[in-house]
2 protein chains.
Amino acid sequence: MASFRDIKEDILARISAREWAPGDLIPNEAELAERYGSARSTVNRALRELAEAGLLERRRRAGTRVARRNWRGAFFEIPLVRAEVEGSGRRYGYHLIERREEGAGPEAAARLELPAGAPVLFLRCLHFADGLPHQLETRWINRSEVPGAAAMPFEAEGPNEWLVREVPWSSSEHVFSAAMPDAEERRLLGMEAGEPLFVLERRTWSATATITWARLAHPGARFRMVSRTDPTG
Amino acid sequence: MASFRDIKEDILARISAREWAPGDLIPNEAELAERYGSARSTVNRALRELAEAGLLERRRRAGTRVARRNWRGAFFEIPLVRAEVEGSGRRYGYHLIERREEGAGPEAAARLELPAGAPVLFLRCLHFADGLPHQLETRWINRSEVPGAAAMPFEAEGPNEWLVREVPWSSSEHVFSAAMPDAEERRLLGMEAGEPLFVLERRTWSATATITWARLAHPGARFRMVSRTDPTG
DNA sequence: ACCCTTTTTATGTCTACACATATTTACCGG
DNA sequence: CCGGTAAATATGTGTAGACATAAAAAGGGT
């Protein structure tokens, strides 16, 4: 009797060995169930999970085939700066540069999808790794959506850590890019002339509204973002 | 009678509304099954999928609780250049700059985890969007692992597209960074002085060996990588 | 050939039940 | 009070069977 894990493994092996090549139709659930000596439900779970992982494509009546393009993407852990720094064995440091409660200006309004003048909290802070500037964080928080933020000084703890812990969110957007720092950014991050920035912009939404927008800028010479993937899960 | 989708949705709503807060124990499967008027298997599937998505934590005998940290990461589609360019409504163009079959030098050997002198294929090519240089691709392919590559001129089609279609792989690594272009890169990509590069390095493995290493460099002023995520799936 | 309807078929989902397994809780002897 | 063992319990997985649903295939009339 084969478990759904055994079945997944066996099918994966056949795909790897090209016994079933991309585009090929594989036997239907009933037949596989007989082969493996299992119930159809068990085979169904194995096939469903492989399809969710992107290795198979399934359509009612048309059957199950090996996915043509084996390319789905990559899963990136977006760690908290603190965890990222400490995880690589360096000492983490934090410093609040600026904190302002204000009405949204045109930029903040656009980023947070709010009307101009809506109450926002503006923050700017620096994160250090072994005493060296590692990330410059510029952030707006929607005060209507996150009332608790008004009471937080953010002097000992960064807003990212606090938000992740305290505020439930339901979706997010990340934009990666490379840019040149302006004079102030270069000064704050202690960068050489001609050194680029690696920039990550992140927007986070609750079920109903934008919670926060952040721009996380790293000195290009000292930062690489790595991800490893295994398509089978 | 509630379907497993209805149940997921309802539980998600309760989590969003903080009726069940992070860390809270939620009712067990049997009780939920009774509430929703469904079988325990149905509830089990809903809870299992929410746990896989990272919203719940489940342990035998200990029960199911709302996950404490709602932060998992983000899934990035890493599209083929062609698909990325055409998907945004621009015209795609390709040009092969250089193709050499050779023994691995020290850099190629290190990238591909091969002994020096092992047979490799070196490629350099440009991808265009609406006639403007969009990506400079520098690549080594392990000829032992991909024998078919020797017969490919890569004059009409880029190696990435061909590899994704023809070669099965099992895992990959991506490294993002920002860098300054050298004089040749600046010339090939038609970049302004002082403009940074957005660089993606990708290594791909089969079950047994490294298949290929690629460095994909984009002009920073013209490239942003975007990803949207919904933790519920 | 064509368009429309019916049949067939593979997957999608659900049920009720059973047994396995990991953990906690309760109990008991010292 | 401690430590070891047994019972209780929530989840994990499996079975057989049923009906739903999407989509391909077959058939029928023009």
Side-chain angles (χ1 to χ4, degrees), chain A residues 1-15 19-70 72 232-233, chain B residues 1-15 19-69 72 230 232-233:
Chain A
M1 182 211 64
S3 76
F4 79 94
R5 276 172 220 282
D6 299 335
I7 297 175
K8 275 176 80 169
E9 215 176 304
D10 183 70
I11 290 173
L12 215 47
R14 285 172 202 261
I15 293 173
E19 183 181 330
W20 294 334
D24 282 5
L25 206 58
I26 76 172
N28 69 35
E29 295 186 349
E31 191 174 329
L32 289 172
E34 200 173 356
R35 276 202 213 180
Y36 291 116
S38 307
R40 184 169 80 87
S41 333
T42 305
V43 173
N44 180 279
R45 177 159 177 194
L47 296 182
R48 173 160 36 86
E49 294 194 357
L50 288 171
E52 265 160 27
L55 282 116
L56 296 176
E57 283 166 7
R58 321 193 69 201
R59 267 165 58 229
R60 279 178 160 141
R61 157 81 222 210
T64 301
R65 48 187 74 234
V66 179
R68 271 216 177 62
R69 50 192 292 266
N70 219 347
R72 295 212 79 216
T232 67
Chain B
M1 182 212 64
S3 76
F4 79 94
R5 276 172 221 282
D6 299 334
I7 298 176
K8 275 177 80 169
E9 215 175 302
D10 184 71
I11 291 174
L12 215 47
R14 285 172 201 262
I15 293 173
E19 183 181 330
W20 294 334
D24 283 5
L25 205 58
I26 77 172
N28 69 35
E29 294 186 350
E31 192 173 328
L32 288 173
E34 201 173 355
R35 275 203 213 179
Y36 292 117
S38 306
R40 184 168 78 88
S41 335
T42 306
V43 173
N44 179 277
R45 177 160 177 193
L47 296 181
R48 174 160 34 87
E49 293 194 357
L50 288 170
E52 266 160 28
L55 282 117
L56 296 177
E57 283 166 6
R58 321 193 69 204
R59 267 165 58 229
R60 279 177 165 149
R61 159 78 224 214
T64 301
R65 47 187 74 234
V66 180
R68 270 213 180 65
R69 50 193 298 262
R72 298 213 74 219
D230 179 353
T232 68

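Numbers restart at 1 for each chain; the letters A, B, ... are given by sequence-line order, proteins then strands.
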Minimum side-chain heavy-atom gap B:Leu32-B:Ile7 below 4.5 Å: no
Under the salt bridge (Lys or Arg N to Asp or Glu O under 4.0 Å) test, residues paired with A:Arg40 that sit two or more places apart: A:Glu29
Integer-rounded Å distance: D:dT11 C1' and B:Glu49 CD: 16 Å
Value rounded to 0.5 Å, distance of CG in B:Leu47 from CG in B:Asn28: 9.5 Å
Salt-bridge contact A:Glu49-A:Arg45 (side-chain N to carboxylate O under 4.0 Å): yes
Sugar-phosphate or base contact per nucleotide [nucleotides 10-20 of chain C; S, B, -; heavy atom under 4.0 Å]: BBBBSBBBB--
Sequence-distant partners of B:Glu31, salt bridge (Lys or Arg N to Asp or Glu O under 4.0 Å), two or more places apart: B:Arg35
Between D:dT11 (C1') and B:Leu56 (CG): distance, integer Å: 13 Å
